[in-house]
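Letters A, B, ... are given to chains in the order of the sequence lines, protein chains preceding strands, and every chain is numbered from 1.
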Protein chains: 2
Amino acid sequence: MAKYKEVANEIRKRIKSGIYHSEEKIPDQESLAKEFGTSRVTVKKALDLLSVAGLVYTIQGSGTYVKKNAVNLAEQSIKIGQNVGLTAAAGERLELKTEVLDFNVRFPDEEECNQLSITKEEPVYDIKRLRILDEKPYSLEHTIIPIALAPNITKEILNRSLYDYLQGDLGIVFGDNRQTVRAVKPDDNDKKYLHCSNEDPVLEVSKVMFLERGTPLEYSVVHHRYDMVEMSFINVSREGLLG
Amino acid sequence: MAKYKEVANEIRKRIKSGIYHSEEKIPDQESLAKEFGTSRVTVKKALDLLSVAGLVYTIQGSGTYVKKNAVNLAEQSIKIGQNVGLTAAAGERLELKTEVLDFNVRFPDEEECNQLSITKEEPVYDIKRLRILDEKPYSLEHTIIPIALAPNITKEILNRSLYDYLQGDLGIVFGDNRQTVRAVKPDDNDKKYLHCSNEDPVLEVSKVMFLERGTPLEYSVVHHRYDMVEMSFINVSREGLLG
DNA sequence: TAGTGGTCTAGACCACCCT
DNA sequence: GGGTGGTCTAGACCACTAA
């Protein structure tokens with residue numbers, strides 16, 4: 001592991017364990033460099049990581065300080081854009097199941113061509129799955145994937161884990177993703193599979209997942225039951241980025 | 001402006017203008033350093049910025065490449081967590097208005113103490129505002145702010161812009177924020193002010209805004225009309241961060 | 001094996017905060 | 001003016017890719 005990451009982890013450990021208190025100024029970069037037997041540039045790089053992680057802030061000419069909410073952030077460590085509704089709602093063991101409702105191959109429609117940057121002649125998988133938690137259905141996933149990018153998907157794979165197959169077996173590395181969240185009225189499928197009444201709202205999340213190189217891999221629209229899923233995310237302020 | 005930012009902006013300009021094409025390898029760091037009359041470390045720092053911005057990716061031992069979707073990202077430049085529904089929906093000029101429904105001072109309840117890290121004895125402002133776009137109400141904001149952190153708020157300020165007052169007049173610098181999004185059923189106020197029917201879902205966004213130092217400044221719960229607001233955000237994958 | 005990115009150092013200078 | 005963070009350099013070595 002790179003030295004600046006080691007230094008960052010050590011300092012993070014000290015913050016979490018209270019050796020560096022909340023709101024307190026931590027030693028200056030020169031001292032830290034001497035303590036860790038490294039150069040100041042390396043210490044600076046470590047502190048930058050912690051700054052992006054929201055644990056510390058620096059004031060030029062004054063010093064580096066532990067943020068008031070640093071411990072909270074360090075503990076919850078919510079990944080940006082990740083669904084936390086489920087894990088939060090479920091304290092104990094719970095039974096997660098997936099039911100494959102539909103698994104087809106076809107040509108993409110206009111919206112899908114647009115989202116996935118493909119032509120109308122490049123076939124895609126069309127996958128509909130129902131997610132079930134402790135016998136209660138909580139979300140309905142509609143996933144579109146170009147066949148060329150993820151060949152040989154089978155129903156058996158979908159019953160296990162699609163992401164495990166893509167990452168593990170195919171060795172695909174995910175990159176960025178873009179999501180849009182809306183509240184919508186339930187459609188027929190929501191009523192049928194999620195047991196939504198006419199008055200039950202639905203949390204709709206559209207997502208495009210990109211590969212490391214920027215190629216769109218997957219376009220999905222997921223409908224969540226309003227009373228079982230929420231989405232949380234943390235926006236870290238970044239001043240130093242571009243102009 | 002720092003040299004590494006200048007270099008980053010210049011390279012970004014070249015990507016946007018097509019001088020460096022999508023999927024193409026850009027010159028190696030040594031060459032760029034020579035061209036810009038700087039050191040390789042500085043070029044590396046510039047490329048790191050562009051990498052975080054999602055414009056390029058690097059493969060150690062191979063080179064630095066322009067992402068396939070780089071131009072899209074560069075153009076839309078959606079700030080993470082920002083509402084884009086409105087600007088997207090409105091092509092032309094539109095009239096934005098704010099109506100102050102309620103403006104009070106009181107002691108916080110338990111939830112508010114929790115979110116704002118304050119005691120029950122620290123008074124807060126309780127603000128309810130209605131946002132109106134072209135005569136159509138689209139969101140209902142409930143905002144809680146500790147008086148100690150933002151003194152002398154007046155109804156007149158709320159009619160103009162609260163954020164302008166906080167940032168401009170008080171010189172407050174915002175830091176991170178944490179948001180949670182849900183779909184909920186409309187309550188009485190939604191029906192009254194947003195003209196929601198029983199079957200109209202509501203997009204509820206809870207937000208805690210922190211100051212630079214990690215102090216919670218504002219806790220807000222906003223209800224959006226489902227047919228006028230959506231939220232988009234981009235998750236940039238970061239592999240290099242911590243372990 | 002050559003090319004390229006990732007990391008690290010020591011020293012330097014500047015900008016800013018605080019007293 | 002002393003303390004501290006921000007930036008920059010030149011050179012070095014290592015890790016990885018690609019042929």
Side-chain angles (χ1 to χ4, degrees), chain A residues 1-11 15 20 23-53 55-67 171 173 175 211-213 237-243, chain B residues 1-11 15 20 23-53 55-67 171 173 175 211-213 237-243:
Chain A
M1 163 115 46
K3 199 179 284 187
Y4 71 94
K5 289 182 187 173
E6 287 177 8
V7 173
N9 279 325
E10 173 57 28
I11 296 177
I15 291 172
Y20 296 151
E23 296 270 5
E24 188 192 17
K25 193 201 290 208
I26 72 178
D28 66 279
Q29 297 177 356
E30 199 73 61
S31 309
L32 289 171
K34 200 170 288 180
E35 184 201 332
F36 288 109
T38 183
S39 70
R40 189 161 79 88
V41 178
T42 301
V43 170
K44 171 69 163 58
K45 220 170 163 185
L47 293 176
D48 281 346
L49 282 188
L50 297 176
S51 178
V52 168
L55 296 185
V56 305
Y57 62 96
T58 60
I59 299 178
Q60 189 176 23
S62 173
T64 302
Y65 303 82
V66 179
K67 274 198 186 177
V173 177
L211 298 178
E212 215 179 0
R213 287 154 169 66
S237 72
R238 319 186 226 131
E239 309 171 16
L241 297 189
L242 302 177
Chain B
M1 163 123 41
K3 199 178 283 188
Y4 71 94
K5 290 181 186 173
E6 287 177 8
V7 173
N9 279 325
E10 173 58 28
I11 295 177
I15 292 172
Y20 296 151
E23 297 269 9
E24 189 191 16
K25 192 201 289 208
I26 72 177
D28 66 279
Q29 297 176 357
E30 199 71 62
S31 309
L32 289 171
K34 200 170 290 180
E35 183 200 333
F36 288 110
T38 183
S39 70
R40 188 160 79 88
V41 178
T42 300
V43 170
K44 171 70 163 59
K45 220 171 163 184
L47 292 176
D48 281 346
L49 282 188
L50 297 175
S51 178
V52 167
L55 296 185
V56 304
Y57 62 96
T58 60
I59 300 178
Q60 189 177 20
S62 173
T64 302
Y65 303 82
V66 180
K67 275 199 185 175
V173 177
L211 298 178
E212 215 179 1
R213 288 153 170 65
S237 72
R238 322 188 223 129
E239 309 171 15
L241 297 192
L242 302 177

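Looking at every heavy atom in both residues, Tyr20(A) comes nearest to Val66(A) through CB-CG2, 4.0 Å. Counting all heavy atoms, side chain and backbone alike, Ile59(B) lies closest to Tyr65(B) at CD1-CE1, 4.2 Å. The two atoms that bring Leu49(B) and Ala8(B) nearest to each other are CD1-CB, 4.1 Å, heavy atoms only. Heavy atoms only, all atoms of each residue included: Glu6(A) and Met1(A) are closest at OE2-O, 3.4 Å. The minimum heavy-atom distance linking Glu212(A) with Lys67(B) is given by the pair O-CE, 3.4 Å. The minimum heavy-atom distance linking Ser62(A) with Lys25(A) is given by the pair O-NZ, 3.0 Å.
Listed by residue number, Asp28(B), Gln29(B) are the residues of residues 24-31 of chain B with a heavy-atom contact under 4.0 Å to DNA chain C. Of the residues in residues 33-44 of chain A, those with a non-hydrogen atom less than 4.0 angstrom from any atom of DNA chain D are Arg40(A), Val41(A), Lys44(A).
Look at CG on Asp48(B): it is 8 Å from P on dT7(C), rounded to the nearest Å. The nearest whole Å value for the distance from the CE atom in Met1(A) to the C1' atom in dC8(C) is 16 Å. Protein atom CG of Leu47(B) is 14 Å distant from nucleotide atom P of dT4(C), rounded to whole Å. Note: CG (Leu32(B)) to P (dC8(D)) measures 15 Å, nearest angstrom.
At least one side-chain heavy atom of Ile26(A) sits under 4.5 Å from a side-chain heavy atom of Leu47(A). Here the side chains of Ile11(B) and Leu32(B) are in contact, with some heavy-atom distance below 4.5 Å.
For the residue pair Asp48(A)/Ser51(A), the side-chain donor-acceptor check at 3.5 Å is not satisfied.
Using a 4.0 Å cut-off, some side-chain N or O of Thr64(B) falls inside it from OP1 or OP2 of dG5(C). The phosphate of dT7(C) (OP1 or OP2) has a side-chain N or O of Lys45(A) nearer than 4.0 angstrom. For Tyr4(A) and dT7(C), the shortest distance from a side-chain N or O to OP1 or OP2 is below 4.0 Å.
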Hey, what are the protein-to-nucleotides 14-19 of chain C N/O distances that come in under 3.5 Å?
from, atom 1, to, atom 2, distance (Å)
dC17(C), O4', Gln60(A), O, 3.4

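Checked by atom type and distance alone, the side chain of Lys45(B) never pairs as donor or acceptor with a backbone atom of Lys3(B) at under 3.5 Å.
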For Val56(A) and Ile15(A), run side-chain contact (heavy atoms from CB on, under 4.5 Å): C-alpha distance rounded to whole Å, both residues' side-chain angles, the deciding distance at 0.1 Å, then the answer.
CA-CA 9 Å; Val56(A) 305; Ile15(A) 291 172; 3.7 Å; yes
